[in-house]
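To start, the structure under review is shown below, and the notes come after it.
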Amino acid sequence: MSPTTIIMSEWERRGPDEDVRLLGYSFGDDETVRLRARRLTESGRVEFRELRDGLFIRSNSYVGNVQLGNLRLVIQPKISGAPLLNLLRYAYNLRNLDLHGPATQAIGDSTFLDLLIHQLLVETQELIARGLHRNYERTENVLTSPRGRIDFQRYALNGGTAKAALPCIYHPRLQNTLVNRVLLSGLQLAARLTGDLILRARLRRLAALLADDVLPLRLERQVMGRVWREIDRRTAAYRPSLILIQMLIQMAGVRLDESPEQVRLPGFLFDMNRFFQAFLSRFLHENLLGHKVQDEYRLRDMMVYAEGFNPRGLESPTPRPDFVVSTRGSIVAILDAKYIDLWHHGPPASILYQLTVYALSQGLGSSTTILYPTMDASASESRLDIRHPLNQRIQAQIILRPVHLGQLEQLISHSVSHRNRQHRLGVAKYMIFGEPTGATSPIQIPQ
């Protein structure tokens, strides 16, 4: 049977009625493939259901591709190419390195994974151009031309016999540091992941250049934790590269622990929710003046087990909205970020229940806001009243507020002039407080 490639967008459903290639499709007797499909469904990354007449697939906020037997699923983000790369650079504070000629053209046709890998490539080239980090390393050796200091204790243990070489202790500055070893291993991982032959060749050439003085290692949880702990002012320039390597590890399904329950999937998946939350976090922190923004704020003591009715001694649940905005110690807005275009899809019940809890936590008449991305310039704010089921009195309100990614990409791509700065402040204020009085559409960003 020839391979079947299904290309979908985020938050899309596809079944036998929409795609004839899924009509009658089955995973057959391959239990490994069935296990992978079941784990993907249980984890909420991608839903697979074998129906009587074929296969049903539902994507959500994860983008990338996975291989399940003869089926290759590709999930693409709605915003792609250079605009997506600009948003990613801003969200994760990556350097905006200038690209010209073939590199710029290649980005326009790249997959999401290749965008990240291309950024890692240029980040590494920048590090090499500036000079890789070196560290002094204690070395003991017997040398015919002594350097450092002579190890007289070792010389005495050898009987003090006359030889043409002396034991020495010296400290050369070597490139074989932990951060460079992680960088080399990250390049090798990226070369294995990309399907772009030209990009793969460039990665391998760069890795071969580093391998002359640096040894690779296995990218494990402990290694990544250690390299992050060792980052200081001397190695701060490595942060963007390490962020990208961490993302590639998570996307590739590289095993970061030895749990026997973990199933390694061929392919990669990236949760765009993480990107969207990181983007909003940086944008609000930088542009919301006069307010304090707290990420993943804990609503303590909102839910507490009743005294005498917690037989298992469980810890009380603590809801954590993505952002809480306060002024002078008083909460003025509770916001949650969800990477789903609610303008076209409508809010799922699970999201509405979560937001209802956040709204009611602040008392009667309060509200909570969900920020969602959209590419539709006509999208505008919606509001849902939470009413008492008996007397229909309004208890609280849920606000569904669109964030226009295309407009934001233009805004962050322009140089930070006084006019640009004022528009950023206006958009940040819109995210928190909504439309100005009498407005019918979000703040428009000048071209």
Side-chain angles (χ1 to χ4, degrees), residues 9-11 59-65 74-100 103-127 183 186-187 189-190 193-196 199 203 237-252 267-287 295 322 337-341 371-375 403-416 424 427 431 445:
S9 296
E10 58 203 23
W11 297 101
S59 63
N60 49 41
S61 63
Y62 286 82
V63 299
N65 68 68
V74 179
I75 306 173
Q76 299 176 333
K78 291 184 178 179
I79 185 169
S80 59
L84 177 58
L85 183 56
N86 289 334
L87 292 171
L88 286 166
R89 284 171 172 169
Y90 182 87
Y92 295 103
N93 204 17
L94 307 177
R95 284 177 291 192
N96 191 13
L97 301 173
D98 291 331
L99 303 172
H100 304 282
T104 305
Q105 184 178 358
I107 284 180
D109 302 325
S110 294
T111 64
F112 179 81
L113 175 64
D114 287 341
L115 286 177
L116 297 182
I117 293 176
H118 192 279
Q119 181 71 20
L120 175 61
L121 176 69
V122 294
E123 291 281 355
T124 305
Q125 290 173 334
E126 182 75 5
L127 289 172
L183 184 63
L187 289 175
L189 171 63
L193 291 177
T194 183
D196 188 320
L199 184 57
L203 288 164
Y238 283 79
R239 286 183 181 274
S241 298
L242 294 178
I243 290 173
L244 291 165
I245 292 171
Q246 190 92 46
M247 292 170 67
L248 292 178
I249 290 173
Q250 295 168 350
M251 293 165 61
F268 72 93
L269 288 171
F270 176 71
D271 189 0
M272 295 292 282
N273 266 318
R274 294 185 179 184
F275 145 72
F276 187 54
Q277 186 175 343
F279 180 91
L280 292 178
S281 176
R282 181 181 176 187
F283 191 84
L284 291 175
H285 278 281
E286 289 183 349
N287 300 291
D295 295 23
D322 292 331
K338 297 295 183 186
Y339 192 82
I340 173 174
D341 191 344
L371 299 176
Y372 67 90
T374 184
M375 296 296 293
V403 174
H404 294 260
L405 290 183
Q407 295 178 353
L408 276 174
E409 189 274 328
Q410 295 175 24
L411 189 61
I412 64 171
S413 298
H414 293 163
S415 58
V416 186
R424 292 192 186 199
V427 172
M431 289 182 183
I445 299 167

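In this chain, numbering begins with 1 at the start of the sequence shown.
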To the nearest 0.5 angstrom, please state how far the [atom1] atom of [X] sits from the [atom2] atom of [Y].
X    : Y    : atom1 : atom2 : result
Q119 : L244 : CD    : CG    : 6.0 Å
E409 : M375 : CD    : CE    : 8.5 Å
L84  : I79  : CG    : CD1   : 6.0 Å
L127 : E123 : CG    : CD    : 7.0 Å
L120 : L183 : CG    : CG    : 7.0 Å
F268 : L113 : CZ    : CG    : 4.0 Å

Could you give me the CA-CA distance, side-chain angles and deciding distance for I75 and N65, then say whether side chain to side chain contact (heavy atoms under 4.5 Å, CB included) is met?
-> CA-CA 6 Å; I75 306 173; N65 68 68; over 6 Å; no
Walk me through it: do H118 and D196 pass the test side-chain hydrogen bond (donor to acceptor under 3.5 Å, both in side chains)?
-> CA-CA 10 Å; H118 192 279; D196 188 320; over 6 Å; no
Closest non-hydrogen contact found for A237 with P240 is O-CD, 3.4 Å
Can you see which heavy atom on N287 is nearest to which on R424, and at what distance?
-> OD1-CB, 3.4 Å
Strictly under 6.0 Å, is that where the ring centroids of F279 and Y90 end up?
-> yes
4.5 Å side-chain heavy-atom contact, [X] and [Y]:
X    : Y    : answer
Y92  : Q246 : no
L269 : V63  : no
T194 : L203 : yes
V427 : L408 : yes

Might you work through the side chain to side chain contact (heavy atoms under 4.5 Å, CB included) test for L248 and I117, ending with a clear yes or no?
-> CA-CA 8 Å; L248 292 178; I117 293 176; 4.0 Å; yes
Going through the distances and angles, do L87 and I412 end up as a side chain to side chain contact (heavy atoms under 4.5 Å, CB included)?
-> CA-CA 8 Å; L87 292 171; I412 64 171; 3.8 Å; yes
Salt bridge (Lys or Arg N to Asp or Glu O under 4.0 Å) involving K338 - partner list, sequence neighbours excluded |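 Expected list: D336.
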Can you name the salt bridge (Lys or Arg N to Asp or Glu O under 4.0 Å) partners of R239, sequence neighbours left out?
->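 Salt bridge (Lys or Arg N to Asp or Glu O under 4.0 Å) list for R239, sorted by chain: empty.
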Keeping [X] on the side-chain end and [Y] on the backbone end, is there a donor-acceptor pair under 3.5 Å?
X    : Y    : result
D271 : Y62  : no
S9   : K78  : no
N273 : F275 : no

Evaluate side-chain hydrogen bond (donor to acceptor under 3.5 Å, both in side chains) for Y339 paired with E10, printing each intermediate quantity in order.
-> CA-CA 9 Å; Y339 192 82; E10 58 203 23; 3.1 Å; yes
Got more than 12 heavy atoms from elsewhere within 6.0 Å of CZ, R282?
->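 Yes, because the 6.0 Å sphere around CZ of R282 holds more than 12 heavy atoms from other groups.
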Identified side-chain contact (heavy atoms from CB on, under 4.5 Å) counterpart of M247 within the set I245, I249, I243 =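 The option that passes is I243.
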Dump the intermediate steps for side chain to side chain contact (heavy atoms under 4.5 Å, CB included) on L199 and D114, then the final yes or no.
-> CA-CA 8 Å; L199 184 57; D114 287 341; 4.0 Å; yes
